[in-house]
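Scroll down for the structure; my scribbles are underneath it.
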Amino acid sequence: MDKDGKVRARFAPSPTGALHIGGAHTALFNWLWARRTGGTFILRIEDSDAERSTAGYEDTIMDGLRWLGLDWDEGPDKGGGYAPYRQSERMSVYRKYADELLEKGLAYRDDGAVIFKVPSGVSLLMRDAIYGDIKIQSEKASVSQDGSVKDIVIIKRDGMPTYNYAVVVDDHEMDINWVIRGEDHISNTPKQMLLYRAFGWDMPNFAHLPMILGKDKKKLSKRHGATSVFEYGDLGYLPDSIFNFLALLGWSPGGGAEIFDRNVASESFELSKVTKKPAVFDIDKLNFVNQEHLKIMDPAVKKKIIEPFWVKLGLSPEKHSDQYLMDALVLMGARGRTTRELAEFSDYFVSFAPVKARYDASEVGFEQREPLKKFFAAFMGIPNWDAEEMEAFARNWCRANGTPLKEIALPLRWAMTGRKVSPGIFEVVQLLGPDECQTRLKYYGFLE
RNA sequence: GGUCCCAUCGUCCAGCGGUCUAGGACACCGCCCUUUCAAGGCGGCGACACGAGUUCGAACCUCGUUGGGACCGCCA
């Protein structure tokens with residue numbers, strides 16, 4: 001704890017790509033812990049590798065975090081009491097401390113680089129909030145492929161600090177007292193502990209998170225399809241769902257609750273309850289979580305979110321009133337697991353064009369068309385354009401003519417939606433309105 | 001190859017020595033509802049990796065085996 005006893009946790013991505021699922025998961029748990037404890041969540045950009053880092057990705061990562069609803073209290077864009085928050089701007093600090101190690105005789109120069117001498121015979125005990133105590137001997141902290149002890153480069157030949165060194169200096173300088181990161185960093189921790197020890201600094205609390213694996217149980221990567229959080233957005237997943245789903249990978253709020261929002265999560269989050277076992281990213285579960293969030297979403301908000309997806313399908317939702325579109329989405333109910341599916345499945349409310357593209361009524365022969373024409377002629381004359389009355393009318397007509405209801409419900413559905421499935425067809429017809437209904441029926445020759 | 005870590009249904013989580021013939025969720029399969037499909041309701045399938053201990057008693061503790069993962073860059 002720092003002097004205030006408050007948690008200071010950070011997410012320290014390297015700007016070499018968009019925010020990916022693994023990074024989002026790490027950021028999320030840091031955020032949860034900071035929010036849960038009333039602490040501070042810091043964003044630090046680890047761009048010490050000029051070759052691979054780009055300013056553009058820094059923005060992309062920040063956009064990704066914002067999209068997920070993970071707000072930070074200190075960072076390169078908003079400053080804070082420990083600025084600068086970009087490693088590329090902290091060079092003097094790294095040099096200063098490297099000199100200190102050089103003076104103490106704990107490091108040496110070699111070929112322009114500064115190298116930390118790994119001591120032997122030191123027992124390291126890392127107390128991980130999730131994994132428990134892990135003991136390791138200093139000579140095993142940094143090893144070459146051949147098994148020999150390898151001293152740790154802290155300043156590269158080009159003058160830039162290495163990751164293991166910069167993290168320690170930054171975390172110390174920024175009073176970071178909780179280092180929460182992926183399990184792939186466990187093996188780096190002893191190296192970093194050696195550095196803390198050399199400087200005589202207090203060590204932060206460590207907490208390593210379980211990895212997220214693909215279906216093949218391998219570390220999630222591009223091979224597994226979408227990796228950046230924005231790709232999931234394009235696919236039709238809500239930020240709330242990604243947040244919820246990611247939080248469920250390695251943790252659960254207890255009580256069987258699986259669908260929750262950021263507030264609930266940040267109120268009940270407990271680092272000690274985080275799982276150790278790597279978790280497989282299961283798209284089926286994500287779909288379910290997304291559908292659940294879609295179900296509880298306010299129609300007005302939902303309309304706003306679906307609109308761009310309709311546009312992407314080449315439709316023009318702006319030709320309709322907000323109320324009409326909202327009504328259409330309410331009718332759609334829980335159909336569609338993603339916003340993209342929901343937009344596709346409801347396209348016929350926005351325009352007749354996709355209906356025509358899907359359906360041509362060619363399978364309806366003369367002998368079926370004639371009775372349909374009779375029915376629809378009467379149907380269009382219904383006094384009140386109301387779903388319940390329509391259904392009652394249709395049922396009566398069918399009973400009187402000895403026809404099953406589906407004989408007219410199915411063709412009607414096809415003509416209205418171009419699909420074999422839809423919400424209750426009379427409700428669809430009611431919402432589409434008499435004019436549109438007539439237009440579609442006539443187009444298919446179901447009405448004179 | 002070396003070091004470290006992990007191990008409950010296909011998947012995600014509960015379980016933290018007795019209430020476990022192991023619970024929930026997703027997926028899957030039935031049935032109900034129904035003009036269709038979702039949703040909803042009901043039911044089914046399905047796991048403590050294995051072997052030794054410790055203990056009156058082990059999914060929970062210890063050790064071993066097996067399996068899986070991560071890391072071993074002057075990348076982060």
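In what follows, chains carry the letters A, B, and so on, assigned in the order in which the sequence lines appear, proteins first and then strands, with residues in each chain numbered from 1.
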Just the atom pairs and distances: protein N or O near nucleotides 1-6 of chain B's N or O, under 3.5 Å.
unit_1 : atom_1 : unit_2 : atom_2 : d
B:G1   : N2     : A:Q145 : OE1    : 3.4

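- Between B:C71 and A:K191, no contact under 4.0 Å exists linking OP1 or OP2 to a side-chain N or O.
- Every residue two or more places apart in sequence or in another chain was checked for a ring-ring contact (aromatic ring centres under 6.0 Å, His included) with A:H293, and none qualifies.
- The nearest whole Å value for the distance from the NZ atom in A:K218 to the P atom in B:G67 is 13 Å.
- Within the structure, salt bridge (Lys or Arg N to Asp or Glu O under 4.0 Å) pairs that include any residue of residues 408-417 of chain A do not occur (at least two apart or interchain).
- Dashed line: the shortest gap from a side-chain N or O of A:R395 to OP1 or OP2 of B:U35 is under 4.0 Å.
- Phosphate contact (OP1/OP2 of B:A70, side-chain N/O of A:K219, threshold under 4.0 Å): absent.
- With sequence neighbours excluded, the residues satisfying side chain to side chain contact (heavy atoms under 4.5 Å, CB included) with A:D59 are A:M62.
- Which of B:C74, B:A25, B:C37 sits closest to the side chain of A:F288 comes down to B:A25.
- Of the candidate nucleotides B:C74, B:G24, B:C13, B:C74 has the atom nearest to the side chain of A:D111.
- Side-chain N/O atoms of A:K273 include one lying less than 4.0 angstrom from OP1 or OP2 on B:G15.
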I'd like a table of donor-acceptor pairs (distance under 3.5 Å, sequence neighbours excluded) in which one partner is a side-chain atom from residues 268-278 of chain A, with atom names and distances.
unit_1 : atom_1 : unit_2 : atom_2 : d
A:S268 : OG     : A:V264 : O      : 2.9
A:T275 : OG1    : A:G250 : O      : 3.2

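- Comparing atom distances between the A:A279 side chain and each of B:U36, B:C74, B:C13 picks out B:C13 as nearest.
- Between A:H208 and A:F206, the two ring planes are parallel [angle under 30°; tilted spans 30° to 60°].
- In this structure a side-chain-to-backbone donor-acceptor pair under 3.5 Å is present from A:R369 to A:G445.
- Among the nucleotides B:G15, B:C74, B:U35, the one closest to the side chain of A:A409 is B:U35.
- Base pairing of B:G53: its partner is B:C61, meeting the Watson-Crick or G-U wobble criterion (both donor-acceptor distances under 3.5 Å).
- Taking the six-membered ring for Trp and the full ring otherwise, A:F281 and A:F245 have centroids separated by under 6.0 Å.
- Applying the 4.0 Å criterion to OP1 and OP2 of B:C72, one finds that A:S142 has every side-chain N and O outside that range.
- A:Q137 meets the side chain to side chain donor-acceptor pair (under 3.5 Å) test with A:S123; sequence neighbours excluded.
- Between the side chains of A:T417 and A:R440, not a single donor N or O lies within less than 3.5 Å of an accepting N or O.
- On a pure distance criterion of 3.5 Å, a polar donor-acceptor pair joins the side chain of A:K285 and the base of B:A25.
- The shortest distance between the side-chain N/O atoms of A:K217 and the OP1/OP2 oxygens of B:G67 is not below 4.0 Å.
- For residues 328-344 of chain A, there are no side chain to side chain donor-acceptor pair (under 3.5 Å) pairs, not counting sequence neighbours.
- Remark: A:W385 pairs with no residue by the ring-ring contact (aromatic ring centres under 6.0 Å, His included) rule, at least two apart or across chains.
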Are there any protein N/O atoms within less than 3.5 Å of an N/O atom in nucleotides 40-50 of chain B, and if so, which ones and at what distance?
unit_1 : atom_1 : unit_2 : atom_2 : d
B:G40  : OP1    : A:K295 : NZ     : 3.0

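- Nucleotide B:U21 forms a pair with no other nucleotide shown, judged by Watson-Crick or G-U wobble geometry with both contacts under 3.5 Å.
- The distance from atom CD1 of A:I152 to atom C1' of B:C71 is 14 Å, rounded to the nearest whole Å.
- Counting only residues at least two apart or on different chains, the side chain to side chain donor-acceptor pair (under 3.5 Å) pairs with a member in residues 246-261 of chain A are A:E258-A:K285.
- A heavy atom closer than 4.0 Å to some atom of RNA chain B occurs in A:A334, A:R335, these being the qualifying members of residues 329-349 of chain A.
- Using a 4.0 Å cutoff on non-hydrogen atoms, the parts of residues 9-21 of chain A near RNA chain B are A:S14, ordered by number.
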